[in-house]
Amino acid sequence: QVQLVESGGGLVQPGESLRLSCAASGRTSSTSAMSWFRRAPGKEREFVAGVRRSGGQVYYADSVKGRFTFSGARLNVDNTVYLQMSSLKPEDTAIYYCAVGPTVILSQLRVPGAYAYWGQGTWVTVSS
């Protein structure tokens, strides 16, 4: 079992920044990938950024590339990872989740169903 707790969400204006945290506990050594997803009102859950233990490269959704940074994502080393979000836009408004999975292969990194453990999510609202 792995427990995940997200924090850091809030209300910000367009162009501002926010940093989300995800604290992991439990059997984190059994995980093969960790990712951030989000669900905007009325939309499906979508991939934001993720990393696999093998390789260590961070992958980003095109919509956030260059604005968001997934840091501290060294599986088995960091108990807390971060999603630094800059130049926020109204379309970034969503519940943000972190997720981990024991058997996530690269082709599944962006697939929510590939992840076994999820946090409760934290709301991010971008509005003027």
Side-chain angles (χ1 to χ4, degrees):
Q1 290 286 341
V2 177
Q3 294 78 41
L4 303 169
V5 179
E6 304 94 336
S7 61
L11 171 64
V12 296
Q13 295 188 346
E16 293 187 339
S17 299
L18 205 59
R19 189 178 78 162
L20 305 183
S21 301
C22 174
S25 61
R27 299 188 61 184
T28 57
S29 62
S30 66
T31 60
S32 65
M34 174 177 274
S35 292
W36 288 93
F37 288 81
R38 67 185 181 186
R39 175 178 283 168
K43 295 187 176 181
E44 297 292 322
R45 192 171 302 191
E46 65 174 359
F47 173 82
V48 174
V51 63
R52 292 181 68 245
R53 180 191 302 174
S54 61
Q57 180 179 348
V58 181
Y59 297 84
Y60 295 94
D62 289 343
S63 59
V64 307
K65 200 173 295 182
R67 299 188 298 121
F68 289 13
T69 302
F70 186 1
S71 64
R74 299 177 298 169
L75 298 182
N76 296 343
V77 176
D78 297 302
N79 291 326
T80 302
V81 297
Y82 305 95
L83 184 68
Q84 178 68 46
M85 306 185 295
S86 303
S87 303
L88 283 162
K89 305 175 181 181
E91 50 265 42
D92 294 318
T93 295
I95 304 175
Y96 284 73
Y97 303 88
C98 61
V100 298
T103 58
V104 181
I105 60 177
L106 184 57
S107 62
Q108 297 173 323
L109 192 67
R110 301 168 188 261
V111 179
Y115 294 80
Y117 304 103
W118 293 81
Q120 83 289 348
T122 184
W123 260 109
V124 173
T125 303
V126 185
S127 176
S128 55

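Computed from heavy atoms alone, side chains included, the values below leave out hydrogens, waters and symmetry copies.
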Would the distance check show the side chain of [X] and the main-chain N or O of [Y] forming a donor-acceptor pair, the cut-off being under 3.5 Å?
X	Y	value
Tyr115	Leu109	yes
Thr103	Ser32	no
Tyr60	Phe70	yes
Glu6	Cys98	yes
Arg52	Val104	yes

To the nearest 0.5 Å, tell me how far [X] [atom1] sits from [Y] [atom2].
X	Y	atom1	atom2	answer
Met34	Cys22	CE	SG	4.5 Å
Leu11	Ser128	CG	OG	10.0 Å
Leu83	Arg19	CG	CZ	10.5 Å
Thr69	Arg67	OG1	CZ	11.0 Å
Arg39	Glu44	CZ	CD	6.5 Å

Inset, instruction - Could you walk me through whether Leu4 and Tyr97 pass side-chain contact (heavy atoms from CB on, under 4.5 Å), step by step? - result: CA-CA 9 Å; Leu4 303 169; Tyr97 303 88; over 6 Å; no
Legend entry - Same apolar cluster (I L V M F W Y, side chains within < 4.5 Å links), Leu18/Ile95: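 Each belongs to a different hydrophobic cluster.
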Inset, instruction - State plainly whether one hydrophobic cluster holds both Val124 and Trp118, where clusters connect Ile, Leu, Val, Met, Phe, Trp and Tyr through side-chain heavy atoms under 4.5 angstrom apart. - result: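 Val124 does not cluster with Trp118.
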If I compare all heavy atoms of [X] with all of [Y], which pair ends up nearest, and what's the gap?
X	Y	value
Gly9	Leu20	N-CD2, 3.6 Å
Ser87	Ser17	N-OG, 4.3 Å
Thr93	Val126	OG1-N, 2.9 Å
Trp123	Ala94	CE3-O, 3.5 Å
Pro102	Ala116	CD-CB, 3.8 Å

Legend entry - Stepwise salt bridge (charged side-chain N to carboxylate O under 4.0 Å, His left out) check, Lys89 with Asp92: CA-CA 5 Å; Lys89 305 175 181 181; Asp92 294 318; over 6 Å; no
Legend entry - Partners meeting ring pair (Phe, Tyr, Trp, His ring centres under 6.0 Å) with Phe47 (sequence neighbours left out):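 Applying ring pair (Phe, Tyr, Trp, His ring centres under 6.0 Å) to Phe47 gives Phe37.
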Inset, instruction - Can you label the angle between the Tyr96 ring and the Phe68 ring as parallel, tilted or perpendicular, going by 30° and 60°? - result: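 The rings of Tyr96 and Phe68 sit tilted, inter-plane angle from 30° to 60°.
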Inset, instruction - Please list, chain by chain and in numerical order, all residues satisfying side chain to side chain donor-acceptor pair (under 3.5 Å) with Lys43, sequence neighbours excluded. - result: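 For Lys43, no residue satisfies side chain to side chain donor-acceptor pair (under 3.5 Å) once neighbours in sequence are set aside.
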